[in-house]
Visitor: 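Below is the structure I would like to discuss, written out as structure tokens.
Every chain is numbered from 1, with letters handed out A, B, ... down the list of sequences. For clarity, every value in this text was computed on a predicted model and none was experimentally measured.
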Number of protein chains: 2
Amino acid sequence: MKQKDIKIPEATIKRLSTYINCLERLDDKGCQVVSSELLGESCQVSPAQIRKDLSYFGEFGVRGVGYATKSLTEEIKVILGLDCIWPTVLVGVGHLGHALLNFTFFREHGYRMVAAFDSDPGKIGTEVEEGLHIQPIEKLVETASREKAAIGIVTVPASSAQSTADLLVEAGVRGILNFAPFKVRVPDNITLRNVSIVSELDNLAYLLSNKKPRRRLKKKK
Amino acid sequence: MKQKDIKIPEATIKRLSTYINCLERLDDKGCQVVSSELLGESCQVSPAQIRKDLSYFGEFGVRGVGYATKSLTEEIKVILGLDCIWPTVLVGVGHLGHALLNFTFFREHGYRMVAAFDSDPGKIGTEVEEGLHIQPIEKLVETASREKAAIGIVTVPASSAQSTADLLVEAGVRGILNFAPFKVRVPDNITLRNVSIVSELDNLAYLLSNKKPRRRLKKKK
DNA sequence: AACTTATCGTGATAGTTATCACAATACCCA
DNA sequence: TGGGTATTGTGATAACTATCACGATAAGTT
Ligand SMILES: NC(=O)c1ccc[n+]([C@@H]2O[C@H](COP(=O)([O-])OP(=O)(O)OC[C@H]3O[C@@H](n4cnc5c(N)ncnc54)[C@H](O)[C@@H]3O)[C@@H](O)[C@H]2O)c1
Ligand SMILES: NC(=O)c1ccc[n+]([C@@H]2O[C@H](COP(=O)([O-])OP(=O)(O)OC[C@H]3O[C@@H](n4cnc5c(N)ncnc54)[C@H](O)[C@@H]3O)[C@@H](O)[C@H]2O)c1
């Protein structure tokens, strides 16, 4: 095991999250042991990359054999902090917010939606999910801090993103996942991640418009 | 202007997409000219990074002055291929698909949703957006190729992601944006991008569980 | 026209991440 | 029990990306 506190590449963390998925699927197929080669095949990552990623955190495999599917899954969950429940709140129950609230995957993977807020009076009280009623934005600080929400998801329009983030910080959340196309500012001790679906599509458009049939990039100089 | 065909960092492309956003907001505020410093301030990127990103594609600024807000916006759109319309189809009109279809941002930025498909007979014919009716999945190849769809968005369950991607390829799309948590395989000449919202949250969970109050990362060795 | 100021464009440099290659070693079987 | 095989864990290396520092230069000013 390497020592703690060396910098772990962000890309490694992203891959670990996908490994869990692939491992669970392989486990469903009856695979009790996986090699880095097989796992790599299944999640389209090179075997060496997988071993390197894991080696940042310890030794989880058996040389000559591979990794025990179930226990590796658990180990990775521990690494990512998914072995506990993260109380989460969502602000802005519009189209996207509604989709996220109904995304069962989250619940199955360590996140618990403890409250949802919106500023539209017409939406207050609506049940968006088993036992979860939309609350007025004015209740955010009170409710979120009472529920000890650790994560806040922002799905309000860009123009309200900053004020929403401010409320979440006031309520004591430690991390914010922002879907609005606006770069909000938060204090240093708050972890912020932006998800830009538009950028993903734009990236696709870029690749398509610059890909001439069969052209190969990578030309040096 | 540097020569074409050198490798552009993917991160650069992602940033260019966000620059457009910030530039449009600055333009709304009446800023006709922006310096890399001001733009950097607004989108939380270092001025040097912005200049470097742009320099991959040409010289767009005026030394001692800055960049003309409007024309830089247009230039970046050309770089990303957003100066034309991308006919796009979406498959799987569930919670997420519905949100994406109603996301006006896309329409305003060069993407035109030309068709939406689902396998649920109960959904066929429903109007999801001005003039856009859900079609049966059996019509995908016919409709998408007739409409010359270039991009396909996959929002079906993971178990159907591969077969959906196969249909899109058959229909002649050139790029696929996949939201399902399954690594689909496509031919070499198809551009594929995966969007993993779960990974984003997991990344947040990781950062939160490893951040001790006030600890500073970056310790060497 | 020379001088000043602001800010760009970019080569050089530092830092980060991925790939490679192989020593280490657990299991299997005779 | 010892030799063969498969597959890990990791140091070294290569590739990529960001940062820095400064020369270049356009516009305004005297
Ligand atoms: N729809 C998508 O597919 C999609 C994709 C990527 C990003 N986004 C971004 O996500 C955000 C939401 O998108 P959407 O399509 O769901 O929009 P939407 O208009 O459907 O939903 C926004 C919701 O936020 C609520 N709201 C507005 N101001 C608020 C405030 N100050 N406090 C609390 N609630 C408030 C509104 O009442 C509404 O219910 C936007 O910033 C959008 O750019 C959406
Ligand atoms: N909801 C979210 O916020 C969210 C977030 C991230 C990723 N995702 C992923 O996006 C996908 C869709 O999620 P969702 O929440 O919208 O699910 P959903 O069940 O609400 O929607 C899936 C839709 O796909 C349709 N469908 C199923 N099989 C199909 C097929 N073979 N061809 C065409 N249509 C088919 C279904 O009829 C349904 O309408 C899933 O893979 C999910 O993991 C969802």
Side-chain angles (χ1 to χ4, degrees), chain A residues 1-3 5-16 18-19 23 26 31-69 71-72 75-76 79 203 216-221, chain B residues 1-16 18-19 23 26 31-69 71-72 75-76 79 203 217-221:
Chain A
M1 154 109 85
K2 288 230 191 159
Q3 41 198 131
D5 265 14
I6 63 165
K7 172 99 192 303
I8 313 291
E10 165 156 337
T12 289
I13 303 302
K14 199 157 193 173
R15 282 190 298 268
L16 287 177
T18 68
Y19 297 162
L23 285 167
L26 287 166
C31 259
Q32 299 191 325
V33 172
V34 290
S35 63
S36 57
E37 169 138 18
L38 175 59
L39 179 55
E41 178 76 16
S42 147
C43 58
Q44 294 178 47
V45 173
S46 78
Q49 182 72 76
I50 291 177
R51 297 200 299 275
K52 182 62 119 180
D53 285 342
L54 294 174
S55 79
Y56 286 118
F57 300 96
E59 305 190 3
F60 305 107
V62 177
R63 291 166 195 229
V65 180
Y67 304 88
T69 312
S71 78
L72 181 59
E75 296 279 14
I76 297 178
I79 293 168
N203 209 314
R216 285 273 157 265
L217 293 172
K218 187 98 175 206
K219 197 182 292 177
K220 259 272 133 96
K221 255 278 138 76
Chain B
M1 153 109 86
K2 289 232 191 156
Q3 35 197 136
K4 219 58 202 268
D5 265 14
I6 63 165
K7 171 99 193 303
I8 314 292
E10 164 154 338
T12 290
I13 303 303
K14 198 157 192 173
R15 282 190 297 268
L16 287 177
T18 69
Y19 297 162
L23 285 167
L26 287 166
C31 258
Q32 299 190 327
V33 172
V34 292
S35 63
S36 56
E37 169 139 16
L38 175 59
L39 179 55
E41 177 77 15
S42 147
C43 57
Q44 295 177 46
V45 173
S46 78
Q49 182 73 76
I50 291 177
R51 297 200 299 275
K52 180 62 117 181
D53 285 342
L54 294 173
S55 80
Y56 286 119
F57 300 97
E59 306 190 3
F60 305 108
V62 178
R63 291 165 196 229
V65 180
Y67 304 88
T69 312
S71 78
L72 182 58
E75 296 279 13
I76 297 179
I79 292 168
N203 209 315
L217 291 173
K218 189 95 174 212
K219 197 182 290 176
K220 258 273 132 103
K221 257 277 144 70

Visitor: What is the separation between atom CZ on B/Arg15 and atom C1' on D/dT19, rounded to the nearest whole Å?
Guide: 11 Å

Visitor: Looking only at non-hydrogen atoms, find the nearest pair between A/Ser36 and A/Arg51 and report the distance.
Guide: OG-NH1, 3.1 Å

Visitor: Does a side-chain N or O of B/Lys7 approach OP1 or OP2 of D/dT17 to a distance below 4.0 Å, or not?
Guide: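 It does, given that an N or O in the side chain of B/Lys7 lies less than 4.0 Å from OP1 or OP2 of D/dT17.
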
Visitor: How many angstroms lie between atom OH of B/Tyr19 and atom OG1 of B/Thr12, to the nearest 0.5 angstrom?
Guide: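 B/Tyr19 atom OH to B/Thr12 atom OG1 measures 7.0 Å (nearest 0.5 Å).
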
Visitor: With no hydrogens and no angle check, is any side-chain donor or acceptor of A/Thr69 less than 3.5 Å from a backbone partner on A/Cys31?
Guide: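 Confirmed, A/Thr69 side chain pairs with A/Cys31 backbone.
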
Visitor: Expressed as a whole number of angstroms, how long is the span from A/Phe57:CZ to D/dT8:P?
Guide: 18 Å

Visitor: Could you report the tightest heavy-atom contact between B/Asn203 and A/Lys14, atom names first, then the distance?
Guide: ND2-N, 4.3 Å

Visitor: Once you round it to whole Å, what is the distance between C1' of D/dT25 and CD of B/Glu59?
Guide: 11 Å

Visitor: Out of D/dC16, C/dA21, C/dA18, which has the shortest distance to the side chain of A/Ala48?
Guide: C/dA21

Visitor: Should A/Ser36 be listed as having a side-chain N or O under 4.0 Å from OP1 or OP2 of D/dT7?
Guide: no

Visitor: A/Ser46 has a side chain; which of D/dT7, C/dA18, C/dT19 sits nearest to it?
Guide: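 Given the options D/dT7, C/dA18, C/dT19, the side chain of A/Ser46 is closest to C/dT19.
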
Visitor: Provide, to the nearest angstrom, the distance between the CD atom belonging to B/Glu10 and the C1' atom belonging to C/dT17.
Guide: 14 Å

Visitor: Just how far is it from atom CD of A/Glu75 to atom CD1 of A/Ile79, taken to the nearest 0.5 Å?
Guide: 6.5 Å

Visitor: For A/Lys14 and C/dA18, what is the distance between atoms NZ and P respectively, to the nearest whole Å?
Guide: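 Interatomic distance, NZ of A/Lys14 to P of C/dA18: 12 Å.
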
Visitor: What are the two closest non-hydrogen atoms of B/Val45 and B/Ile50, and how far apart are they?
Guide: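 That would be CG1-CG1, 3.8 Å.
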
Visitor: Below the 4.0 Å mark, does D/dT8 have OP1 or OP2 next to a side-chain nitrogen or oxygen of A/Arg51?
Guide: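 Looking at the OP1 and OP2 atoms of D/dT8, one of them is under 4.0 Å from a side-chain N or O of A/Arg51.
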
Visitor: Once you round it to whole Å, what is the distance between P of C/dA18 and CD1 of A/Ile8?
Guide: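 Spelled out: CD1 on A/Ile8 to P on C/dA18 is 12 Å.
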
Visitor: How does each nucleotide of nucleotides 25-30 of chain C score, in 5' to 3' order, for protein heavy atoms under 4.0 Å: base (B), sugar-phosphate only (S), or none (-)?
Guide: BBS---

Visitor: Considering only side-chain heavy atoms of B/Lys52, which listed nucleotide, C/dT10, C/dT19, D/dT17, is closest?
Guide: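 Of the candidates, C/dT10 comes closest.
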
Visitor: Please check the phosphate of D/dG9 (OP1 and OP2 only) for any side-chain N or O of A/Tyr67 closer than 4.0 Å.
Guide: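 Yes, such a contact exists.
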
Visitor: Could you state the interatomic distance from CD (B/Glu41) to CG (B/Leu26), rounded to the nearest 0.5 Å?
Guide: 10.0 Å

Visitor: Calculate the interatomic distance between B/Glu41 atom CD and C/dT7 atom C1'; express it in whole Å.
Guide: 16 Å

Visitor: Expressed in angstrom and rounded to an integer, what is the separation of B/Asp53 atom CG from C/dC8 atom P?
Guide: 13 Å

